[in-house]
S.K.: 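Below you will find the structure I want to go over with you.
If you're wondering where the values come from, they're calculated on a predicted model, not measured in any experiment. We name chains A, B, ... by the order of the sequence lines, and we start the count at 1 in each one. Because only heavy atoms are used, hydrogens play no part in the values below, and waters and symmetry mates are left out as well, while side chains stay in.
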Protein chains: 2
Amino acid sequence: MKAVTMQDVADRAGVSPKTVSRVVNNEPRVSESTRKKIEKVIDELSFKPNKSAQSLAADRSLLIGLLYDNPSSTYVVDLQAGVLGVCNKFGYGLVIHPCENDSPELIQRLRELLVSSRMDGLVLTPPMTENQELLDFLVSSGTPYVLISPLDNSQSELSVSVDDSVITQQAIQSLIDFGHRRIGFITGLRKRSGSEMRLLGYQQALEKNNISYDESLIVQGNFTFGSGVLAAQELLRHENPPTAIFASNDYMAAGVMKAALQLRISIPHELSLCGFDDTPVAGYMSPGLTTIRHPLERLASHAGELLIRQLKKHTQPLEVETLKSELILRGSTGPVNNKTN
Amino acid sequence: MKAVTMQDVADRAGVSPKTVSRVVNNEPRVSESTRKKIEKVIDELSFKPNKSAQSLAADRSLLIGLLYDNPSSTYVVDLQAGVLGVCNKFGYGLVIHPCENDSPELIQRLRELLVSSRMDGLVLTPPMTENQELLDFLVSSGTPYVLISPLDNSQSELSVSVDDSVITQQAIQSLIDFGHRRIGFITGLRKRSGSEMRLLGYQQALEKNNISYDESLIVQGNFTFGSGVLAAQELLRHENPPTAIFASNDYMAAGVMKAALQLRISIPHELSLCGFDDTPVAGYMSPGLTTIRHPLERLASHAGELLIRQLKKHTQPLEVETLKSELILRGSTGPVNNKTN
DNA sequence: GGATCTGATGAAAGTGCTTTCAGTGGATAA
DNA sequence: TTATCCACTGAAAGCACTTTCATCAGATCC
C-alpha cells in the first residue's frame, strides 16, 4: 500500500512535479487544460499530498490551534466541531489546547506548543480573547489569530462575534412581556466582557420599558452552580423579591432552581427563570429551562475559515454571514402570578 | 527567530547530526559521555526537533487519533484530556475524530483521515470498540490501535478497561443495603457491551442477596433523556412498582426524575434513583443524583500511553495500574420509605 | 521585424530529519 | 600475536514536497 506521490502524478500527467504542486496549491499560472488534466490524474490515483513534506518544504505546519478555557464541555465540543469542520475542508489539522487563562505559565506553555507544533495560526475563545498579555505575545511572535468574542467587536477582520447584549435584552423583554417588572440578575465573573454585555442588555431592556434599575436586584455570581444557589438565596430573601431571575449561565440557573426548591418557591408559578448557554442541563431540568443558545459551532467554523483564508495565499476572502443567537423558551418562564400581587 | 536545527546542535557539540538524532530518539549505542554532552547543548539551545522533518524522514506522523461517538460532551472532553496529556508527554500530536459508528461512511472517512493525517495509531472508544468491521479494517490496513472498553477484556495488551458490571453490582448493593428489594433497571442500548455489563452487575447483586430477578422491572432505554422518562413511567405505573430505579446513564436518570415529579413521587423518600457517568447534570439536579464515575481521564491516558509505547521503539513497557470506578452517593438514594409497606 | 513582455512550465536546490551502511578503535578470543 | 567482535560514530543518500530561477513560445509593441 505504497503512497502515491506527486512525482507519480507528474509522470502520469506528463508534466513536472512543480506543475502538479501548482495545481494542488491552487496557484495561478497554470493553463486550464493542464490543470484539468492534472486534476483528473489526481482523482484517478486519489493522490493526497504528504502533509509532512508540505510542511517541511513550505515551512508551515498546516495546523491551527484552538485555545479554550471553559468549564462547559458542551461549549468546548461545539467549538471543536466547528473548527474541525473547516480544518477538514481546507486540509488543515487541528491542535486542541485546553488551558488556564489565569495561569502564570499560560504563555510559556503556549510558546512551547508553538515551537513544537509550529501552528500556523490560532483561534482564541473567551476569556483568552481578553488576555492582553497573551494577545501581545501572539502579535510579537507573529502568530496570526482570530477571536471568537462576545463583544460586537467589528473592529477588525480578526474576530467573529455575537453580541451578548442584544440577545439578553430580548430575553429580558420576554420576561417583561410576561408581566415581570422586578427581575433579578445574576452576573458572571465581572471582568469578562461577556458578563458585562449581558448586564448591559438587561439594563437596556429595563430602560426601554421604563423600569427603574434597582441595584439590589443585581447579584454577583461566578458561573458555578454553587454561586447560583447563593445568589438566588440572596435574591429570594430580598424584602421585595423579584418575580423573575435571569442567570448569566445555565449552571447558575440550575443553582437558582435548587434554591427555589429549598425555599418552596415554585417555578414558573412563583418565579420565572432564564439561563444562558442552552447546555444539556437546561433540557433535563424540571421544568425545562428557558435559556439562550449561541450558534457556537457556526461561530467557530466561521472563525476557523477566517483564519485559514488568511493563511492561505490563493483564496478568496470569506463572505460574512450574520450569526444569530436564539432565545429558547421552555417551562421555567411564564406570566407573573397575580395572587402574589 | 530562526529555528535551531539538529545540525546546529551537532556543530556545537562537535558530533554528527546522526548522533544527535540518536540522543533525541533515545537510541542505544551512544556513550554516556557524548549523550550528556549533547543533552547539554540541546538544553542550551533549547532545541526542539522539527516534527515535519521527523515525520517525513522516518515515515511516521507522530500523530495519534482519538475516535469517539458519544453524545456526552463531558465524556468526550475527559477522554481528550487524558490522551492529550500523554501526547504532550511523548511529543505526539492528537487528532480528534468525532464520528458516527452507525454511518456507512465511517470506514471511508477514516480511510481518508488515515491517508491525509497519516496517524501512527488510534485510540478507540465505545461503541467503535465493538465495531468488528472497523477493527478488521484497521488490522488489514496495519494501523495499530488500543481500545478503551467496558468489558474486562484483558484478552490483549490492546485494551484498557474497567468492568462496568463490578461497579454496577456495588451500586445495586448499596440500594439493597438501604432496604430496597424491588429495583427497577433501565438499560442502555442493548447491543452495547457496556449496557450488558451493567445489567449483568444488577443481576449478580440480586443473586448475591437472594432477590429473585423480575423481568418486568427491566425496561429498555436508549441513553436519552426522553427514553428515561418513558421507561420511568412504565416502571412507576407497574402494579407493584419498584422502590428504587437504576438508570444506565445520568441522562435517563434525569428523565426518571422528571417522570417522578410529574407523578408526584418524591425522590428519595418514595423512590431512590441511581444514574451512571457522573455528568454535571448529576450534581445540578435536586436532589443530587447518586451515580457512578469512571476514571475516564486516566483510562484515556493509560490507553494513550499503551499505544505510544507500542509505537516507539526504544521505550519500556508500561506498568499496569488498576483503575477503579467510584460510586458517588448523593441525595437521590436513601432508605426505603416504610410507610408504603 | 526585432525587441520586449507575459503566461506557462520545468530543473535544481533546498527543507531538517532518519536510514543505511561503512568505518574505527579497543576488547576479547584463539 | 592476530583474528574477531562489538560498541560507538559519521557520511551520504534519501523522504515528498516547495522555492527560486531559468527557459521558452507566443503575444504585444513600435
S.K.: Would you please name every residue forming a side chain to side chain donor-acceptor pair (under 3.5 Å) with A:D11, sequence neighbours left out?
M.R.: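 Expected list: A:Q7.
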S.K.: Restricting to non-hydrogen atoms, name the atom on A:M119 and the atom on A:L114 that form the minimum distance, rounded to 0.1 Å.
M.R.: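 For A:M119 versus A:L114, the nearest heavy atoms are CE-CD1, 3.3 Å.
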S.K.: Collect all protein-nucleotide pairs involving nucleotides 25-27 of chain D in which both atoms are nitrogen or oxygen and the distance is under 3.5 Å.
M.R.:
none

S.K.: Check the pair A:S73 / B:S73 against side chain to side chain donor-acceptor pair (under 3.5 Å), numbers first and verdict last.
M.R.: CA-CA 5 Å; A:S73 53; B:S73 51; 3.1 Å; yes
S.K.: Would you kindly give the CD-to-P distance between A:E32 and C:dG7, to the nearest whole Å?
M.R.: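 The distance from CD of A:E32 to P of C:dG7 comes to 15 Å, rounded to the nearest Å.
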S.K.: Indicate whether OP1 or OP2 belonging to C:dG16 is found under 4.0 Å from a side-chain N or O atom of B:Q54.
M.R.: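 For B:Q54, the contact criterion (side-chain N or O under 4.0 Å from OP1 or OP2 of C:dG16) is not met.
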S.K.: Please report the distance, rounded to the nearest Å, between CG in A:D59 and P in C:dT15.
M.R.: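 After rounding, the reported distance stands at 10 Å.
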S.K.: Rounding to an integer number of Å, can you tell me how far B:L62 CG sits from D:dC15 C1'?
M.R.: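 Rounded to the whole Å, the gap is 14 Å.
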S.K.: Look at B:S31 and D:dT9 and indicate whether a side-chain polar atom (N or O) is within less than 4.0 Å of OP1 or OP2.
M.R.: yes
S.K.: What is the distance from CD of B:E27 to C1' of D:dC8, rounded to the nearest Å?
M.R.: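 From B:E27 CD to D:dC8 C1': 12 Å.
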S.K.: Mind calculating the distance between CG (A:N25) and C1' (D:dT18) to the nearest angstrom?
M.R.: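 Value for this atom pair: 8 Å.
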S.K.: Can you name the salt bridge (charged side-chain N to carboxylate O under 4.0 Å, His left out) partners of B:K40, sequence neighbours left out?
M.R.: B:E44
S.K.: Expressed in angstrom and rounded to an integer, what is the separation of A:R29 atom CZ from D:dC21 atom C1'?
M.R.: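 So the CZ-C1' distance, A:R29 to D:dC21, works out to 14 Å.
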S.K.: Just jot down the side chain to side chain donor-acceptor pair (under 3.5 Å) partners of A:N131, sequence neighbours excluded, or say none.
M.R.: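 Scan of A:N131 (side chain to side chain donor-acceptor pair (under 3.5 Å), adjacent residues dropped) gives A:N101.
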S.K.: Quick one: is D:dC15 close enough that its OP1 or OP2 comes under 4.0 Å of any side-chain N or O from A:N50?
M.R.: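 Looking at the OP1 and OP2 atoms of D:dC15, neither is under 4.0 Å from any side-chain N or O of A:N50.
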S.K.: Output side-chain donor-acceptor pairs under 3.5 Å for residues 76-88 of chain B, partner residues at least two apart or in another chain, one line each.
M.R.:
{"residue": "B:Q80", "atom": "OE1", "partner": "A:Q80", "partner atom": "NE2", "Å": "2.9"}
{"residue": "B:Q80", "atom": "NE2", "partner": "A:Q80", "partner atom": "OE1", "Å": "2.9"}
{"residue": "B:Q80", "atom": "NE2", "partner": "B:Y68", "partner atom": "OH", "Å": "3.1"}
{"residue": "B:N88", "atom": "ND2", "partner": "B:L84", "partner atom": "O", "Å": "3.4"}

S.K.: By the 4.0 Å heavy-atom rule, please label B:V30 as base, sugar-phosphate, or nothing.
M.R.: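 If one applies the 4.0 Å heavy-atom cut-off, B:V30 turns out to touch the sugar-phosphate alone, with no base involved.
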S.K.: Measuring from A:F137:CZ to A:T143:OG1, what's the distance to the nearest 0.5 Å?
M.R.: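 With rounding to 0.5 Å, CZ (A:F137) is 6.0 Å from OG1 (A:T143).
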S.K.: Would you please test B:R109 and B:E100 for salt bridge (Lys or Arg N to Asp or Glu O under 4.0 Å) and show each step?
M.R.: CA-CA 10 Å; B:R109 290 238 180 296; B:E100 291 173 42; over 6 Å; no
S.K.: Whole angstrom is fine here: how far is it from CG in B:L56 over to C1' in C:dT18?
M.R.: 10 Å
S.K.: At a heavy-atom distance below 4.0 Å, what parts of residues 15-23 of chain B sit against DNA chain C?
M.R.: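 Heavy-atom contacts with DNA chain C come from B:K18, B:S21.
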S.K.: Rounded to whole angstroms, how far apart are NZ on A:K51 and C1' on C:dC17?
M.R.: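 After rounding, the reported distance stands at 20 Å.
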S.K.: Verify the contact: side-chain N or O of B:T34 to OP1 or OP2 of D:dC8, cut-off strictly under 4.0 Å; return yes or no.
M.R.: no
S.K.: Can you measure from CD (A:Q54) to OG (B:S52) and round to the nearest 0.5 angstrom?
M.R.: 10.0 Å
